[in-house]
Peer 1: 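Handing you a structure now.
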Protein chains: 2
Amino acid sequence: MTSNAVPDIVVGRLPIYLRVLNHLIAEGRQITSSQELGDRLGISSAQIRKDLSHFGEFGKQGTGYNVAYLRDQLTEILNVDREWRMVLIGAGDLGHALVHYHRFAEHGFQIAAVFDNDADKIGHKLGEYDVHSIDDLENLVRLHQVEMAIIAVPVAAARDVATRLINLGIKAILCYAPVTLTVPLGVQVQYIDPVAQLQHMAYYQTVEAR
Amino acid sequence: MTSNAVPDIVVGRLPIYLRVLNHLIAEGRQITSSQELGDRLGISSAQIRKDLSHFGEFGKQGTGYNVAYLRDQLTEILNVDREWRMVLIGAGDLGHALVHYHRFAEHGFQIAAVFDNDADKIGHKLGEYDVHSIDDLENLVRLHQVEMAIIAVPVAAARDVATRLINLGIKAILCYAPVTLTVPLGVQVQYIDPVAQLQHMAYYQTVEAR
DNA sequence: TAGATTGTTAATCGATTAACAATC
DNA sequence: TAGATTGTTAATCGATTAACAATC
């Protein structure tokens, strides 16, 4: 059903809500409110209630939300109540940081295999992973039933890698290369470009703030 | 002037436009059009023209845009026709990747100093940088006239670090810690949370795509 | 001149907010 | 019961798109 799809911008906020809920649980909190969630996130309580209303009714009038229950519900809605297997393409410094980034595994995102095209890296270790030749991408994606990918290669290689991933049926790509990928409908791409974010902030750094 | 400020969402697209223009220059192109830029970015030509119109008139009817000229103009508008000095707080794996990330320097974002609170790291090198004690943050930010910061510390430390940076007059923070910072008006924060982005994409990974 | 493309206006579309009845 | 907070509706606000006169 496409007709009453949840707006993508709403979906994008759910992981942030999930994050706050996990913090609240860590603090031992049982109950919260849209007001408190909004305060913690710098958004309005109305927006929180509206966003949640796309998925169901999770609260109790006069009381608020059960933190653990809402957390569990959002986890299900986001499909993150399971493990996801990913491939990492690019075993440079960024790849190095990514294989050591514990939050992936902590949230159910497992790196199944790591690839590079550099003969000096292939066959060696990156953290606890063997670095495979990019030639083995197709075999290993199928073997490990991988569904997501992280592109951490230079911009010149990114499009080719993306095309191969898409041909393999990968439907979710996290792209660290500073390019805009053209992908078929149904393929999700998220970009991380810290330079673009710094430039965005630089705009406001004037003598008289704009 | 706040009255006709440019929408932040428009400012956020300028770095992406800049990126395509740089690619076009690398390809030796002299002239482009809103149509071509839009095609490369997957957005409408109307949006490109509308966005640019907030800042002036940069094209020529019937012809399009001079690539180099538009690039130079956007560079000025974004305040990235100069060097920016940053501090990096956190000398872990992420910090390691960031000091080796050449795109920062290539775009005028210089890391002036690196900090950590781990005695095992302080005094040692991270890439070509000395790792300083976080105790020296105030002195070195002032000494090097730093204006931006990258937070690459664990979530438990992030708020404290941010507070100290803000007290130092830092007005732009790129935050890799998965928290929402509460900051005074005029302080920019941009977040990078790859887990949130994976979770966002996970939502759409269903048997029947939503 | 004819064709192309800009910059801008007005219309459309979508997202956020305010307000409040429902109800715990 | 009185107080609090949800879920939802309607109003507001803002962003995107379509269309076209201006003009290179």
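All heavy atoms count here, side chains included; hydrogens, waters and symmetry mates do not. Naming: A, B, ... by sequence-line order, numbering from 1 per chain.
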Peer 1: Which ones in residues 56-65 of chain B lie close to DNA chain C, meaning a heavy atom under 4.0 Å from one of its atoms?
Peer 2: B/E57, B/F58, B/G59, B/K60, B/Q61, B/G62, B/T63, B/G64, B/Y65
Peer 1: When you list every nucleotide of DNA chain C with an atom under 4.0 Å from a heavy atom of chain B, which one comes first 5' to 3', and which comes last?
Peer 2: C/dA4 to C/dT9
Peer 1: Contact list please: residues 20-33 of chain A against DNA chain C, heavy atoms, distance less than 4.0 Å, in numerical order.
Peer 2: none
Peer 1: Could you check whether A/S34 gets within reach of a base, just the sugar-phosphate, or nothing at all, counting any heavy atom under 4.0 Å?
Peer 2: sugar-phosphate
Peer 1: Pick the nucleotide of DNA chain C nearest each of B/A46 and A/V10; which residue has the one closer to the 5' end?
Peer 2: B/A46
Peer 1: If you write DNA chain D from 5' to 3' in dot-bracket form, with Watson-Crick or G-U pairs under 3.5 Å, [ ] for crossing pairs and | for pairs with another strand, what do you get?
Peer 2: ..||||||||||||||||||||||
Peer 1: List for me each residue that meets side chain to side chain donor-acceptor pair (under 3.5 Å) alongside A/R159, sequence neighbours excluded, and say none if there are none.
Peer 2: none
Peer 1: My understanding is that only residues two or more places apart in sequence, or in another chain, count here; which of them pass side chain to side chain contact (heavy atoms under 4.5 Å, CB included) with B/S33?
Peer 2: B/Q35, B/E36
Peer 1: How would you list, by chain and number, every residue that makes a salt bridge (charged side-chain N to carboxylate O under 4.0 Å, His left out) with A/E27, sequence neighbours excluded?
Peer 2: A/R40
Peer 1: Please enumerate all residues that pass side chain to side chain contact (heavy atoms under 4.5 Å, CB included) together with A/Q30, with sequence neighbours excluded.
Peer 2: none
Peer 1: Applying side chain to side chain donor-acceptor pair (under 3.5 Å), can you list everything that pairs with B/Q61, at least two apart in sequence or on another chain?
Peer 2: none
Peer 1: Kindly list each side-chain donor-acceptor pair under 3.5 angstrom involving residues 80-88 of chain B, sequence neighbours excluded, with atom names and distances?
Peer 2:
| from | atom 1 | to | atom 2 | distance (Å) |
| --- | --- | --- | --- | --- |
| B/R82 | NH2 | B/E147 | OE1 | 2.8 |
| B/W84 | NE1 | B/N79 | O | 2.8 |
| B/R85 | NE | B/H144 | O | 2.5 |
| B/R85 | NE | B/Q145 | O | 3.4 |
| B/R85 | NH2 | B/Q145 | O | 3.3 |

Peer 1: Holding to side chain to side chain donor-acceptor pair (under 3.5 Å), I want the full list of residues that pass it with B/Q188, two or more places apart in sequence or in another chain.
Peer 2: none
Peer 1: Excluding sequence neighbours, so at least two apart, what forms salt bridge (charged side-chain N to carboxylate O under 4.0 Å, His left out) with A/D193?
Peer 2: B/R19, B/R103
